[in-house]
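See structure below.
Side chains included, hydrogens not; waters and symmetry mates left out as well; all remaining heavy atoms used. Order of listing sets the numbers, starting from 1, for every ligand and every atom in it. The shown structure was predicted, so the numbers you read here are calculated from the model rather than taken from an experiment.
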Amino acid sequence: MKAKNRDCLLIGRFQPFHKGHLQVVKAIARDCDDIIIGIGSAQYSHTAENPFTAGERHLMISRALQEEGIGNFFLVPIVDINRYAIWVSHVVSMVPPFSRVYTNNGLTRRLFLEEGYEVSSSPMFNREQYSGTEIRRRIASNDQWEQLVPKAVVSVIKEIDGVSRLRDLAPSQRREVDESGAGIGEDA
Ligand code: ATP
Ligand code: MG
């Protein structure tokens, strides 16, 4: 039995959605009724930091949670607006109502607290390995990464040819493409 009726928000970039994120969602599921997952920096894809589109991340998360039998979630892509003072209202305007935010990010915490939301931090699970940065590094450099993400995420990444994409986006590869004059004119 849950102590209270409450809907909770978790925001991340999920590049990609990994087992640390899954542990957080499972922990939140014990305390909350509905879980709203905001897919941040939704407008970005095809960069080394943000390789996957919002739609691909949506697929990773929904299939991974389905695989775990978790059904009480909403997924909402959220584009960056780069104005911190109004960022909370931007998020609020995009997602179903919620009363508590889960985050480990100091800025996110501050911004939601200032707007009167309850903010909780979630414990970090195996952070050395369950880290988007580390997983992207492993994929790009052909190290083992599959065990760090839910099975459903391995399938999505393979389906969209994500491994080759990450290798092509690695800084060393990009330089070669740019030097050959075949770049597309952005320096992300
Ligand atoms: P990146 O290295 O790309 O920043 P990340 O692993 O930090 O990736 P985010 O999408 O930035 O993932 O994080 C979304 C949320 O998930 C953040 O609040 C973050 O603190 C939390 N989180 C990330 N990794 C873990 C983990 N291993 N255990 C618990 N929470 C995590
Ligand atoms: Mg992060």
Heavy atoms only, cut-off 4.0 Å: how does [X] contact ligand 1, side chain, backbone, both, or neither?
{"X": "V24", "value": "side chain"}
{"X": "E49", "value": "neither"}
{"X": "N105", "value": "neither"}

Taking distance alone, with N or O pairs closer than 3.5 Å, would you say [X] contacts ligand 1?
{"X": "G132", "result": "yes"}
{"X": "F14", "result": "yes"}
{"X": "R127", "result": "yes"}
{"X": "Q15", "result": "no"}
{"X": "Y102", "result": "no"}
{"X": "F125", "result": "yes"}
{"X": "Y130", "result": "yes"}
{"X": "T133", "result": "yes"}

Test applied, side-chain contact (heavy atoms from CB on, under 4.5 Å); reference residue, L10; option that passes from V24, V101, T103, I36: V24
First locate atom CG of D31, then atom CD1 of I28, and finally report the distance between them rounded to the nearest 0.5 Å.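 These two atoms lie 8.5 Å from each other.
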Quick one: does R63's side chain have a donor or acceptor within less than 3.5 Å of a partner on V156's backbone?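 No, because the side chain of R63 does not come within donor-acceptor range (under 3.5 Å) of the backbone of V156.
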When the ring planes of H18 and H21 are compared, do they come out parallel, tilted or perpendicular, using 30° and 60° as the limits? parallel
Any donor-acceptor N or O pair under 3.5 Å, side chains N104, R109: no
Polar side chain donor-acceptor pair, S41 to D80, under 3.5 angstrom: yes
Provide the number and element of each atom of ligand 1 under 4.0 Å from a heavy atom of G12.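 Heavy-atom distances to G12 below 4.0 Å select 10 (O), 14 (C).
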Numbered in order shown, the ligand 1 atoms found under 4.0 Å of a heavy atom of S131 are 6 (O)
Nearest non-hydrogen contact to atom 21 (C) of ligand 1 from the set Q23, E128, H21 belongs to H21
